[in-house]
2 protein chains.
Amino acid sequence: MKVTITDVAKLASVSIKTVSRVINNEPSVRKATSDKVMIAVKELNYQPNLAARNLAGSKSFTIGLVYDNPNAYYVLDMQNGILSCCKTEGYELLIHPCSYANKDMVEELKTMVRRARISGLVLTPPLSENSEVINMLDDQNIHYVRILSGQEADPQQTDCIYVNDHNAAYEVSNHLIKQGHKHIAFLSGDKGHKSTHERLAGYKESLIENNIEIDESLILEGEYSFSSGVENAKSVINLNNNVTAIIACNDEIAAGALFAARLMDIKIPEQLSISGFENSPFSRQTWPKLTTASQSIETIAQHAAKLLFSKTRGQRNKDKEIIKTFTPELVIRDSTGPANKS
Amino acid sequence: MKVTITDVAKLASVSIKTVSRVINNEPSVRKATSDKVMIAVKELNYQPNLAARNLAGSKSFTIGLVYDNPNAYYVLDMQNGILSCCKTEGYELLIHPCSYANKDMVEELKTMVRRARISGLVLTPPLSENSEVINMLDDQNIHYVRILSGQEADPQQTDCIYVNDHNAAYEVSNHLIKQGHKHIAFLSGDKGHKSTHERLAGYKESLIENNIEIDESLILEGEYSFSSGVENAKSVINLNNNVTAIIACNDEIAAGALFAARLMDIKIPEQLSISGFENSPFSRQTWPKLTTASQSIETIAQHAAKLLFSKTRGQRNKDKEIIKTFTPELVIRDSTGPANKS
DNA sequence: TGCCAAAATGACAACGCTGTCAATTTTAAT
DNA sequence: ATTAAAATTGACAGCGTTGTCATTTTGGCA
């Protein structure tokens with residue numbers, strides 16, 4: 001039942017070291033030998049023992065994904081994107097949700113990377129922005145790739161993937177302004193997250209360019225949740241009855257805003273336009289469907305994983321195929337429309 | 001930087017075997033010795049090497065979770081529930097989404113369990129219902145726990161956790177009937193899933209008990225998706241204008257039905273009651289909020305993980321704390337109401 | 001054909017832990 | 001105090017691979 005490298009070696013009548021060379025794609029193995037070995041591997045359905053490889057070679061063939069649970073779709077797309085790369089590379093994925101709030105978070109992470117002898121780590125926001133985490137990983141000499149909200153990748157940079165939320169927000173805002181909106185509210189996500197700041201900055205830049213005065217009372221602090229969307233939408237509508245549009249920091253907040261509008265009997269988009277971010281399945285399942293800025297988390301995840309693998313191998317050459325800056329695209333649906341001249 | 005068991009042994013001036021005993025909670029270690037060792041462990045911040053433990057002891061300290069992506073919330077709650085148990089037991093979790101449709105799925109799974117030398121596996125529906133998968137795991141001598149839709153656990157049964165969807169559907173249906181509904185449509189989930197059948201059976205039982213004739217034209221085949229909900233709700237409403245209530249096989253379908261009703265300008269719940277299953281965050285974020293049958297996936301996941309760990313250890317005794325049958329509870333919200341006598 | 005460097009292969013230790021079994025210490029009963 | 005039994009501890013092999021280095025084979029060239 002259990003097939004070891006020795007069995008393969010016997011069947012192929014070579015040494016175990018040669019088998020090892022073949023399964024690791026090491027050079028200087030004659031084609032004929034390699035073929036013999038491959039046939040034996042297939043024949044016996046040999047699976048190298050991960051633990052033994054890890055122990056002997058100190059490569060764990062396992063990478064980790066660390067996240068502080070933003071929303072379910074985000075996390076799942078991330079996982080799936082990374083897993084699809086792992087599959088082709090023969091790696092396994094260990095997931096590690098952790099709470100930003102937790103004081104021991106860094107210690108816990110450290111324990112995890114040391115225990116499992118992870119080959120590398122993909123960090124998603126907001127953990128990817130945490131310098132304590134980064135320092136710890138540098139200390140421990142762990143490879144990592146960070147997914148960050150930011151405008152552009154330094155071409156030298158070998159450990160970051162950027163999502164240009166600034167530009168995305170700028171586009172969303174511009175679109176609304178073109179539709180005639182002048183009083184556009186901004187419902188923030190978590191204050192600590194860089195994506196919130198980037199999106200806010202994009203929104204402000206768009207207003208300024210269009211000569212619209214920035215009204216701080218239209219900018220509400222909140223968090224990336226449905227209920228934050230409900231609350232903040234309610235209060236901004238109550239306080240400013242000239243608001244004609246809302247930019248929500250993600251689709252969940254936007255869905256909350258939609259809910260609030262419904263509660264207050266406000267017609268979307270006739271009386272109020274609402275837009276989100278992320279293009280999560282969510283945004284297609286609300287009524288009306290959400291205008292949003294689309295980012296393919298799964299694609300981003302794949303590129304992050306590829307970058308991680310190329311780092312692990314110490315390859316710089318193949319990096320060129322890897323996209324390091326993603327700019328979300330505006331997807332116009334039914335939750336936004338022309339401003340009502342009233 | 002790297003701390004091995006030998007370092008700990010030296011510092012505590014005992015043999016490495018004794019250290020091993022202590023960190024594995026083996027019996028027959030004197031308290032004083034154990035304390036000495038623990039102090040050394042703390043002092044050096046020793047983390048046992050998982051790979052070495054795996055190789056030497058053929059315990060991998062890793063369990064797997066296998067799922068065929070139902071909805072995002074389900075998967076994530078499952079992961080979190082299991083992870084919370086893993087944390088206390090010092091295990092890691094490997095996730096393995098796989099597609100039921102994929103012909104090689106069983107082979108792929110086999111490769112995965114053999115490669116990673118998984119200690120055990122949690123199987124979620126519909127994979128938990130797949131006899132090919134089960135047979136393969138039995139062949140490979142892998143421990144597993146299945147989460148299944150079914151009425152009751154055989155007390156002897158040591159590898160299943162049941163969710164009583166039958167009863168849940170029965171309750172939902174009864175509730176609607178008490179509200180005066182007589183023409184209740186049923187929007188099925190995937191035909192192959194046992195949960196669909198169980199829920200359908202519960203629905204039928206309720207109708208029969210209440211002397212309502214079963215109208216097969218009110219029972220629509222579908223799948224567990226928003227769009228299936230939209231389509232099937234549309235067609236059942238178009239075909240039967242006396243339908244006053246819809247039982248959807250999960251919250252996503254229900255949300256789709258809500259969407260369809262909105263499209264058709266049907267007032268919920270005044271003209272039509274709609275209920276779902278699962279009590280996913282979803283069900284609190286639709287308008288109106290969904291009446292649903294609540295099951296705490298996270299709790300179920302935790303019990304599944306506990307059961308798996310107790311199996312792995314060969315313990316039968318602690319099983320008693322583990323709940324093996326869960327019956328979802330009716331949660332009445334705003335998407336259902338009294339039937340309109342028309 | 002013979003010789004040599006380069007290429008290919010193999011032997012064997014090592015990775016860090018646990019299992020087995022033997023050696024030692026403690027306990028309790030005489 | 002003595003002794004056997006029980007409890008505790010330790011020595012050492014082995015888990016299935018990869019790394020290192022030695023050995024064998026190959027191919028090119030005089």
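Predicted, not measured: the structure shown is a model, and the values here were computed from it. Below, read A as the first sequence line, B as the second, and so on, with proteins coming before strands; counting in each chain starts at 1.
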- Apply salt bridge (Lys or Arg N to Asp or Glu O under 4.0 Å) to B:K87 and A:E108, showing your working. CA-CA 10 Å; B:K87 201 169 279 179; A:E108 209 180 78; 3.6 Å; yes
- Message: Whether B:K59 engages the ring of B:Y91 as a cation-pi pair (distance to the six-membered ring centre under 6.0 angstrom, angle to the ring normal within 45°) should be assessed.
- Response: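 No, B:K59 and B:Y91 do not form such a contact.
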Whole-Å distance separating the [atom1] atom of [X] from the [atom2] atom of [N]:
X	N	atom1	atom2	value
B:L50	C:dC15	CG	P	19 Å
B:L44	C:dG16	CG	P	15 Å
B:E26	D:dG10	CD	P	14 Å
A:L55	D:dG19	CG	P	12 Å
A:R53	C:dA14	CZ	C1'	18 Å
A:I5	C:dG10	CD1	P	12 Å
B:N24	C:dG19	CG	P	7 Å

- For DNA chain D, find the residues of residues 27-35 of chain B with a heavy-atom distance under 4.0 Å and give them by number; none if there aren't any.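 Hits under 4.0 Å, by residue number: B:S28, B:V29, B:R30, B:T33.
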- Query: Counting only non-hydrogen atoms, which of residues 13-23 of chain B are less than 4.0 Å from DNA chain D?
  - Reply: B:V14, B:S15, B:K17, B:T18, B:R21
- Item | Among C:dG19, D:dG19, D:dT17, the nucleotide that comes nearest once only the side chain of A:K59 is considered |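 The answer is D:dG19.
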- Task: Return yes if some donor-acceptor pair links the side-chain N/O of A:T33 with the main-chain N/O of A:V29 below 3.5 Å, else return no.
- Result: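 Absent.
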- Message: Please check this pair: side chain of A:S128 against backbone of A:I147, looking for a donor-acceptor N/O pair closer than 3.5 Å.
- Response: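 Yes; at least one donor-acceptor contact below 3.5 Å.
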- Return the angle between end axes of the helix from C:dT1-D:dA30 to C:dT30-D:dA1, with five pairs used per end and rounding to 10°.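 Angle reported: 40°, given to the nearest ten degrees.
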Working to the nearest 0.5 Å, report the span between [atom1] of [X] and [atom2] of [Y].
X	Y	atom1	atom2	answer
B:I161	B:T325	CD1	OG1	8.0 Å
A:M136	A:N130	CE	CG	9.5 Å
A:H303	A:S296	NE2	OG	8.5 Å

- Item | Charged N-O contact under 4.0 Å between A:E92 and B:R115 | yes
- Query: Is a salt bridge present between B:R146 and B:E129, judged by a nitrogen-to-oxygen distance below 4.0 Å?
  - Reply: no
- Query: Touch check for A:F61, heavy atoms < 4.0 angstrom, all strands: base, sugar-phosphate only, or nothing?
  - Reply: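 The answer is nothing, as A:F61 stays clear of every strand by at least 4.0 Å.
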- Query: Using a cut-off of 4.0 Å on non-hydrogen atoms, how would the nucleic acid contact of A:N54 be classed: base, sugar-phosphate, or nothing?
  - Reply: nothing
- Task: Answer yes if the ring centres of A:H96 and A:Y67 are under 6.0 angstrom apart, and no otherwise.
- Result: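 So the answer is no for these two rings.
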- Task: May I ask you to check whether B:S195 and B:Y224 show a side-chain donor-acceptor distance below 3.5 Å?
- Result: yes
- Message: With a cut-off of less than 4.0 Å, is there a side-chain N or O of A:N49 near OP1 or OP2 of D:dC15?
- Response: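 The answer is no; no side-chain N or O of A:N49 sits under 4.0 Å from OP1 or OP2.
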